Structure formats: structure tokens, C-alpha cells
Number of protein chains: 2
Amino acid sequence: MSNSSPATIEDVARIAEVSIATVSRAIHTPEKVAKSTRLKVDQAIAITGYTTNAMARSLRLGRSNMILVVAPDIGDPNFSNILIGLENEARAHGYGVLIGHTQNEPQRGLEYLKFLNSNQAAGLILFTGILPFGHRAMTARLPPCVGVFEPVFNGGIPYVGVDDAAGARKAVDLLIAEGHRKIAFIGDSRTKLAHNRRRAGYDAGLDAAGIPAAGRIVMEGDGTIESGRLALEQLFMRDDLPSAFMCVNDQTALGVMIGLKARGYDIPGDFSVTGFDDIPQASFMTPSLTTIRQPRTAIGKRAMALLLEMLSDGTSAETETEILLRPDLVVRNSVAAPSRQWAAR
Amino acid sequence: MSNSSPATIEDVARIAEVSIATVSRAIHTPEKVAKSTRLKVDQAIAITGYTTNAMARSLRLGRSNMILVVAPDIGDPNFSNILIGLENEARAHGYGVLIGHTQNEPQRGLEYLKFLNSNQAAGLILFTGILPFGHRAMTARLPPCVGVFEPVFNGGIPYVGVDDAAGARKAVDLLIAEGHRKIAFIGDSRTKLAHNRRRAGYDAGLDAAGIPAAGRIVMEGDGTIESGRLALEQLFMRDDLPSAFMCVNDQTALGVMIGLKARGYDIPGDFSVTGFDDIPQASFMTPSLTTIRQPRTAIGKRAMALLLEMLSDGTSAETETEILLRPDLVVRNSVAAPSRQWAAR
DNA sequence: ATGAAAGCGCTAACAG
DNA sequence: CTGTTAGCGCTTTCAT
């Protein structure tokens, strides 16, 4: 053990007194090798501590057994649980997962493109909303690829995520059932597909409740805590306040709640707030946040399953597949009936 | 552009009407190639969109230009900022970063060990506390390796992090200056080296203040939110309450604050709380958390710089180097003088 | 300044 | 059932 350089297939062959081809077979197609030979090889492997040089193997095969997960922001509170789903599914099928972090810089994306071009990864999972290396057409020969968590904007890439519209609808419906009529939506429905769909759920809910478009407040917000606080400030400045804030995600909701508390308001006494995602912090905020839960691990699992299926089928990534999982409403303490000031109007 | 399979060095050679050796030289040692030739090669590269097959290159060279960052828990709120430091420094030196996630399972570590054995990574950054693949001696031929954020328990591996003892000392000193005499420490000082050092800072501070060991309360807690809440409950059960909680990290502090609020206490009116790390949420908690800031990006940068230095020096990873960065006290709203009930005693 | 050729470690025909 | 052999795409002597 503990030699200067790792054992190669040749070392194993020498010790087992067989050819390197036989070693390779003993490993990958043991049924094609005599039991006695297999035994000798196994022993030699144990002695040398041999592990296949994945690089040489991949070079030879023209493909690897690694899946690259590209994420623009690894700090996203949704990421880690989705990743666990991805990893476990991959592992169950003999694949490993590597994570690439682009920090939202396209330059960084190119780095991973090179990685892919070298067949260092067999497939690609895209964690948010965009192809990190320019438009699809430009990059041509991408391996099979699946988008997760947020539909991929610029390329017909299969997608696994939550049913955003249905989820948002559950949130509005709750608010409406509590008696709210003036409900603000905060999110970036122009750039982000997921936000857009949540917005659609919001509109559908208000339509169904017979609330005219004129009575709706829609604020821009890119989904950060800051964006929530900002949107709130603008609303106060305009003096056009809703009784409830339906935020496109939990971070935005947190921003809104911070702003509201800073102004001395009580939640849900004075204003109701809902989020979307059910990030881990959601249950620790004060008040705890009523929100829509994403089945994150399940999403990861399904996305990886789809990718692996494409890999074995040789299916092109051009499919317009979308797998939408059911979002659940999580009722906590940030929603109540509108305050009297609203009932009066 | 957009061919069925990526261009190889041979494609480039053919178009440039030179040998593949020349192409390789034109790329890596342009000064050894006639200017005219270099031009032809550059053009051919542009035409074909050629990028070096990193796998073939690494196989030939016996080393890659990727650094593997292994993290047991990617959801750690400290991780993403350290990662950014690591990545930026790596990139500045022509290296890429790949992240491996072990979910705390040793089995998963082995996967990445294989990756390393195949020379798919030139170096290794360990993100928390342990060698994820059993004891050092067992695994023999690891590439250069640097621990970050938490000292590596089981192997003389160089380490870059914050000065835990000094940081903890700043926290106790603040508490003592505010008038606290009975200060509880919550953390896992037996298993986790970082916790252990913070504990040392706590003890040193109390020693300096002349508070006898008998007057100290030390609770076990592994650093999760839950552990904070749990430790608090135990204290209430014992009816042995401090006036201030010095938590080993911000998550623990959050757990303590949640528990305290659930019991109807006011922070910092009834109890003071301090954390350690200054995770992003720290400023959003209510009250905002007084804590010790880790210079995360700087830590990442230094760690990567050290690793790259080892890589070029060929230095062994056996060095006992420790680079300790200065932690800063961040005063927010979770600390005040002890309540009257304490002054009375 | 350039080309020919060896070989990194491995797998998959193809023979035997 | 097993061995021989040809590369995967690249870098690097060694000649020229």
C-alpha cells in the first residue's frame, strides 16, 4: 500500500498473471471471465489498492460517469436540498456529481463548457434559469441537459420543477379566503420564468375572485431580501398600501417583513405576508412564514432520473418535456384576516 | 462551427497545414514558434472553435488544472462566501474549481478519492474538520491539500481560518464589560477543533475577569439551530440560568433566541446572546445578532493561495502551517447589561 | 523552427 | 475464456 504513484491496470495484471484486457473484463464484465481468474484479479486489486483511472477510461470511452451541476449561486437556500436529491439519484445509478459555480458570470460558464467539451461530464443539470454560456445555438454540442428549479430561459431544455402557477394560486386563494381584496404581488415577472408563472397564478386567483385588474398592485422585485424591502418602501411612498403582500419567494417576504417591522407594524395584525419556496429559515422568522413548499429533494431526484434516462436512451435534449411537481401550502403565522381599517373601506 | 463532435488538435493541424506538435507548441509555448506559423494556427483554432481536451491533456501530463473543494454540507451558510474567495483566487492562476459534496457520508468521500486518484484534480480543499475518506495514512497518495474554515482533525494538514480563540475572547470581553458575570457557553468543544478553540477564548476571558471555573456554565451543542434550543431547554430545566449566552456559532444563537422568545423573554432585556461567524441571517434576526465576523472571502483567498503555492513548490502537504485571520466583533442588538434580577444577586 | 513518434491508462474489437 | 493490439487526444523528447 501507500506507494509513490497509484497502481495501474498493468500492475494488477502483472500480479494476477493475466493480461490487462482480462483485468478490465474482470472488472466490467465479470461474467465473461473464469471464476478462478476473477479471483486472482480480485486479489491483485486488493493488494495494489487499484482503482480505475477515471480519466483514462473516459478518454477512451468518450464519456464519463460524472454529472455536472451548474449553479449561478450556491448560496441559494433552495440549492442544497435539491442537490441532495440529484446526488442520491445519480449515485444509485453509478454516477457522481460535481458542482460548478458561475457566480452569475458568463465568463465562468465558459470554463465549465470546456470541462464538458472534454467529456469530463456525461450530462448537465442547470440550476437556474439560464444557459450560463450564451445562447444554446452558439455552443452546439452540449451533452444531455436538464433544467431544474427554474425553467431554462434560452433553449428548449427539459425542465423539472414545481407547478408555480398552481402554487401561487394556493397562496392567493388563502389570502382571499381570509378576506383580503387588495393584495400586492412582488416579483420579477418579466425576466424570470418562474416568477412569471407565479404571477399568472396570482392573476388567475384574483380573476376568479372577481377582483378587477385595476385593483391589483404589482411591484418589481428580483427575489432578494433587499428587493422585498425596496418594493415595500415604494408602496409606502406612493401611499398605496395593500392589506396583504404575496411575495414571489421567501426571501422577498423576509424583506417585506423586515421593512414592516421596522415601521412598527404587526404581522399578521396589520398586514399579511406570504412567500414561496419554504426555505429552511421560513419557520424561524417571526412570525413564521406562511408559504408554498417546494418538494426539493423530489425535484432533484426526478431531474436526475430524467437526465439519466436521456443518457441511456441517447435521446436528444431538445425535448420540450416539463415535469411539474405539486406544491403544497404551508400555513404558519404570517396570514390573518385584514385589519379593521380595511374592513371599513 | 457546430459540428457533430468537438474539434481535435488534429483538425487544427490539418487546417493550419502544420503538425499537431506545432499546434501544441503554438498554444503553450508560442515563443518557440515562428510568427507566421502562429498566425496560421490561431486562425485554424478560430475556425474550428477548438479547445484543448482537458482530459487528454491531464492524462498525458499526469495532473489537471482543477481544484476539488470537498464540503460535507453545502448548505452551511459560511460556505458560499468562502467558496467565492477560493474560486476567484484559483481563476486568477488559471485553475478551475469543482465542488464535491459528501453529505457527511464517508462512502461519498471515497467517490472523490477516486476522482483524485485519476489526477482529475491537482489539489484539494477541505471545507470542514475531517478528512472525508478515513484516516490520512490509509489513503496515502493525496494531492496537496489545505483545510479551510475548520482545522482538519485527523491529519497534519495546513489550515487557513479565523483566530477562534481571539474571536471568542472579544465576545466574552464585551459581555463582561456590559456587566455579565454568569455567562453560558454552548458548543461542542470535545469533537470540533474550532469549537474547542472558541471555548478556550471563553475560558481565558473569564479567567481574566477573575470569574472562577465554578461559576461557568458549559453546555454541549453541535452547532445546529436545534442544538441551541435544546441546550436552552436543559438550562431551564436545571433552573440554572446565566444572564448571557455565548454561543459557539450564529446558528446556535438563533436556536437560543427562538427558545427564549418562545418563553416570552426579551432579548437583550432579559438575556444577552452572542454568536460567532456573522452569517448572512445574523443581521436579519430580531433582535439582530451581536457576533464575531469571519473574513470569509479572505479566508478562501488565502487558502487557495497557499494550496497553489504548494502546488508549484512541490511542497508536501505535511506542513503544520496555520494561517489565522483576525476576527472582528460586530456589535448589533442582542447584548445589553444584565437585567436587574442579576444586579441584585 | 518543425515533424515523427512514443506513450499517459484504459477499453473493445479481433483472433485464437 | 484469454491475449494482442489499436487507438482516445494530447505533450514532449529527439531528430532534422
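Keep in mind that the numbers below use all heavy atoms, side chains included, and drop hydrogens, waters and symmetry copies. Nothing here was measured: the structure is a model prediction, and the numbers come from that model. By convention in this document, chain letters (A, B, ...) are assigned in the order of the sequence lines, proteins followed by strands, and residues within each chain are numbered from 1.
- Classified by interplanar angle (parallel below 30°, tilted 30° to 60°, perpendicular above 60°), the ring pair A/Phe127/A/Phe149 is parallel.
- Straight-line distance from the CZ atom of A/Arg14 to the P atom of C/dC10: 12 Å, rounded to whole Å.
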- [ ] Apply the test salt bridge (charged side-chain N to carboxylate O under 4.0 Å, His left out) to residues B/Glu111 and A/Arg91: give CA-CA distance (whole Å), side-chain angles for both, the deciding distance (0.1 Å), then the verdict.
- [x] CA-CA 10 Å; B/Glu111 207 175 280; A/Arg91 244 160 65 78; 3.7 Å; yes
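- Separating the CD atom of B/Gln120 from the P atom of C/dC10 is a distance of 12 Å, rounded to the nearest angstrom.
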Check nucleotides 4-8 of chain C for protein N or O atoms closer than 3.5 Å to its own N or O atoms and list the pairs.
unit_1	atom_1	unit_2	atom_2	d
C/dG7	N2	B/Arg60	NE	3.4
C/dG7	N2	B/Arg60	NH1	3.2
C/dC8	O2	B/Arg60	N	3.3

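- The NZ-P distance, from B/Lys114 to C/dC10, rounds to 11 Å in whole Å.
- Contacts of A/Thr37 with the nucleic acid, taken as non-hydrogen atoms under 4.0 Å apart, involve only primed sugar atoms and P, OP1 or OP2.
- Atom CZ of A/Arg302 is surrounded by 12 or fewer heavy atoms from other residues, nucleotides or ligands within 6.0 Å.
- The shortest distance between side-chain heavy atoms of B/Leu68 and B/Leu116 falls below 4.5 Å.
- Taking atom NE2 of B/His28 as the reference point, atom C1' of D/dT13 lies 16 Å away to the nearest angstrom.
- Judged as a salt bridge (charged side-chain N to carboxylate O under 4.0 Å, His left out), the pairs with a partner in residues 7-31 of chain B (not counting sequence neighbours) are, in order, B/Asp11-B/Arg14.
- Rounded to whole Å, the distance from CE on A/Met55 to C1' on C/dC10 is 12 Å.
- When heavy atoms are screened at a 4.0 angstrom cut-off, A/Thr52 is found touching the sugar-phosphate backbone but no base atom.
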Task: Test log, rule side chain to side chain donor-acceptor pair (under 3.5 Å), inputs B/Asn81 and B/Gln294 - done: CA-CA 10 Å; B/Asn81 282 323; B/Gln294 300 233 29; over 6 Å; no
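- For A/Asn53, whose side chain is taken as the heavy atoms from C-beta onward, the closest listed nucleotide among C/dC10, D/dC1, D/dC10 is C/dC10.
- Put simply, the side chain of A/Met66 reaches to within 4.5 Å of the side chain of B/Phe115, judged on heavy atoms.
- Between the CD1 atom of B/Ile27 and the C1' atom of D/dG9 there is a distance of 12 Å, given to the nearest Å.
- One can place CG of A/Asn117 at 16 Å from C1' of D/dC8, the figure rounded to the nearest angstrom.
- In this entry the distance linking CZ of A/Arg57 with C1' of D/dC8 reads 13 Å, nearest Å.
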